[in-house]
A.B. asks: 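Input: one structure, supplied below.
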Amino acid sequence: MTNTRLAFVAAETPAAQEARRALVAAYGDRPPAEADIVVAIGGDGFMLETLHSFGDSPPPIYGMNRGSVGFLMNGFRVDDLPERIGAAETVSLHPLLMEARTLAGQMRRARAINEVSLLRETRQTAKLCVEVDGVVRMEELMCDGVIVATPAGSTAYNLSAHGPILPLRGQSLCITPISAFRPRRWPGAILPDTVSVRLTVLEARKRPVSAVADFTEVRDAAEVLVHRDEGTELHLLFDPDRSLEERILKEQFQP
């Protein structure tokens with residue numbers, strides 16, 4: 001891996017910027033468009049920003065943790081980076097694609113690596129109709145919101161909302177309600193990742209809802225379609241002792 005062209009990108013925090021300077025001094029730096037591997041330095045939020053910034057065909061990305069959580073990151077150290085990248089395991093992911101239509105009739109599209117969330121905008125609960133592959137599965141769900149999560153995102157916001165943790169190779173996604181009111185305590189559902197989920201906002205003017213794909217927000221959504229983006233494949237690199245699949249498995253046995 002000695003001839004591998006590396007690009008270093010970092011969050012704006014002092015710790016991430018200091019780490020980037022040390023890595024650039026040790027290994028040089030290429031523009032991301034010319035690099036074989038992009039090294040993203042920061043936390044999970046910055047990793048998501050980096051993945052989104054490259055569009056349809058991002059290069060493989062090796063994360064180094066200089067943030068808070070670091071679930072999608074490897075440990076930081078300056079030494080032996082080419083050897084670590086050479087030994088890294090590749091995880092390939094398809095993001096979700098959110099297609100949202102607003103009350104004004106505008107269409108917005110955005111990708112989500114972790115989840116698509118619908119969230120109430122006011123004091124009133126959201127009222128949603130849930131369709132899966134064109135079949136209405138729930139005519140009326142009253143809740144604070146709902147999450148459609150990927151396996152990679154199932155340990156993030158979804159887990160905080162008491163949703164299930166999904167195995168990385170499980171080829172599934174989950175729908176998790178946020179504070180379900182009616183049906184009371186509906187636990188959500190686990191679905192094949194090949195389905196399309198349509199969420200229609202009922203009484204949308206009275207009960208406005210925003211739709212969020214990772215960090216892209218669409219206000220006053222009327223209808224949201226969520227499905228796997230077959231045309232985009234993302235490649236993350238992990239040290240063998242930091243396997244993403246193993247970390248997702250371990251999360252299921254945390255006290």
Side-chain angles (χ1 to χ4, degrees), residues 43-45 48-49 52 68-69 71-72 95-133 135-166 172-191 193 195-228 248 251-252 254:
D44 287 346
L48 292 179
E49 289 180 28
H52 281 284
S68 53
V69 179
F71 193 82
L72 298 175
L96 297 174
L97 182 64
M98 176 184 80
E99 300 177 72
R101 178 175 58 82
T102 69
L103 286 171
Q106 297 175 322
M107 292 297 299
R108 295 278 305 278
R109 303 170 84 239
R111 294 188 182 92
I113 295 152
N114 274 358
E115 74 275 318
V116 172
S117 306
L118 269 67
L119 306 166
R120 66 185 176 106
E121 294 180 8
T122 69
R123 61 180 177 80
Q124 290 191 297
T125 58
K127 190 180 286 189
L128 308 171
C129 173
V130 181
E131 268 181 70
V132 179
D133 282 345
V135 178
V136 175
R137 296 296 181 181
M138 189 167 289
E139 292 186 359
E140 185 176 287
L141 169 63
M142 294 185 68
C143 54
D144 282 353
V146 70
I147 300 166
V148 182
T150 67
S154 66
T155 59
Y157 187 18
N158 172 73
L159 183 59
S160 297
H162 307 291
I165 295 175
L166 302 176
S172 57
L173 54 82
C174 60
I175 304 177
T176 299
I178 303 169
S179 301
F181 179 59
R182 287 198 178 91
R184 195 176 295 275
R185 300 188 184 90
W186 178 60
I190 298 174
L191 303 169
D193 64 0
V195 302
S196 293
V197 177
R198 187 181 303 275
L199 301 164
T200 303
V201 183
L202 308 176
E203 302 178 20
R205 297 191 184 280
K206 179 182 178 184
R207 303 170 182 268
V209 167
S210 65
V212 183
D214 284 350
F215 45 76
T216 301
E217 182 178 12
V218 179
R219 303 284 290 181
D220 299 334
E223 185 178 75
V224 177
L225 181 67
V226 183
H227 56 90
R228 190 168 79 163
I248 289 175
E251 282 286 337
Q252 298 178 74
Q254 296 296 321

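Positions are given from 1, in the same order as the sequence printed here.
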A.B. asks: Who passes salt bridge (charged side-chain N to carboxylate O under 4.0 Å, His left out) against Arg120, sequence neighbours left out?
C.D. replies: Asp144

A.B. asks: Could you go through Arg182 and Glu140, starting from their C-alpha distance and side-chain angles, then the distance that decides it, and tell me whether this counts as salt bridge (charged side-chain N to carboxylate O under 4.0 Å, His left out)?
C.D. replies: CA-CA 8 Å; Arg182 287 198 178 91; Glu140 185 176 287; over 6 Å; no

A.B. asks: Before giving the answer on side chain to side chain contact (heavy atoms under 4.5 Å, CB included), spell out for His52 and Thr216 the whole-Å C-alpha distance, their side-chain angles and the decisive distance to 0.1 Å.
C.D. replies: CA-CA 10 Å; His52 281 284; Thr216 301; 5.9 Å; no

A.B. asks: Might you point out which heavy atoms bring Pro208 and Thr122 nearest each other, and give the distance in Å?
C.D. replies: CG-CG2, 3.5 Å

A.B. asks: Testing Val197, Ile178, Ile175 one by one against Val146 for a side-chain contact (heavy atoms from CB on, under 4.5 Å), which residue passes?
C.D. replies: Ile175

A.B. asks: Taking side chain as C-beta onward, heavy atoms only, is Pro183 less than 4.5 Å from Met138?
C.D. replies: yes

A.B. asks: Are the side chain of Asp133 and the backbone N or O of Val195 linked by a donor-acceptor pair below 3.5 Å?
C.D. replies: no

A.B. asks: How far apart are the closest heavy atoms of Glu115 and Ala149, and which atoms are they?
C.D. replies: CB-CA, 4.0 Å

A.B. asks: Using atom types as modelled, flag every donor-acceptor pair under 3.5 Å from a side chain in residues 102-112 to any protein atom, sequence neighbours excluded.
C.D. replies:
{"residue": "Thr102", "atom": "OG1", "partner": "Ala104", "partner atom": "N", "Å": "3.3"}
{"residue": "Thr102", "atom": "OG1", "partner": "Gly105", "partner atom": "N", "Å": "3.4"}
{"residue": "Thr102", "atom": "OG1", "partner": "Gln106", "partner atom": "N", "Å": "3.1"}
{"residue": "Arg111", "atom": "NE", "partner": "Asp229", "partner atom": "OD2", "Å": "2.6"}
{"residue": "Arg111", "atom": "NE", "partner": "Thr232", "partner atom": "OG1", "Å": "3.1"}
{"residue": "Arg111", "atom": "NH2", "partner": "Asp56", "partner atom": "OD1", "Å": "2.2"}
{"residue": "Arg111", "atom": "NH2", "partner": "Thr232", "partner atom": "OG1", "Å": "3.3"}

A.B. asks: How would you list, by chain and number, every residue that makes a ring pair (Phe, Tyr, Trp, His ring centres under 6.0 Å) with His227, sequence neighbours excluded?
C.D. replies: none

A.B. asks: Do you know which two heavy atoms are closest between Ala100 and Val218, and how far apart they sit?
C.D. replies: CB-CG1, 4.2 Å

A.B. asks: Quick one: which residue pairs count as a side-chain hydrogen bond (donor to acceptor under 3.5 Å, both in side chains) with a foot in residues 197-211, not counting sequence neighbours?
C.D. replies: Thr125-Arg207, Lys127-Glu203, Arg198-Glu223, Glu203-Arg207, Ser210-Glu217

A.B. asks: Would Leu128 and Val201 satisfy side chain to side chain contact (heavy atoms under 4.5 Å, CB included), going step by step from the backbone distance to the final call?
C.D. replies: CA-CA 5 Å; Leu128 308 171; Val201 183; 4.0 Å; yes

A.B. asks: Side-chain contact test, heavy atoms from C-beta onward, threshold under 4.5 Å: evaluate it for Val116 versus Ile147 and give yes or no.
C.D. replies: no

A.B. asks: Does any non-hydrogen side-chain atom of Val130 lie less than 4.5 Å from one of Leu199?
C.D. replies: yes

A.B. asks: Could I get the full list of side-chain contact (heavy atoms from CB on, under 4.5 Å) partners for Ser68, not counting sequence neighbours?
C.D. replies: none

A.B. asks: Taking all non-hydrogen atoms of both residues into account, name the closest pair between Ala221 and Ala204 and its distance.
C.D. replies: O-CB, 4.3 Å

A.B. asks: Could you name each residue pair satisfying side-chain hydrogen bond (donor to acceptor under 3.5 Å, both in side chains) that touches residues 150-161, not counting sequence neighbours?
C.D. replies: Asn158-Thr176

A.B. asks: Give me the atom names and distance for the closest heavy-atom approach of Leu96 to Val148.
C.D. replies: CD1-O, 3.6 Å

A.B. asks: Using atom types as modelled and distance alone, determine if a side-chain donor or acceptor of Asp214 lies under 3.5 Å from a backbone N or O of Asn114.
C.D. replies: yes

A.B. asks: Answer yes or no: is there a side-chain heavy-atom contact under 4.5 Å between Asp193 and Ser172?
C.D. replies: no

A.B. asks: In terms of heavy-atom contacts, does CD of Glu139 have more than 12 from other residues, nucleotides or ligands at under 6.0 Å?
C.D. replies: no

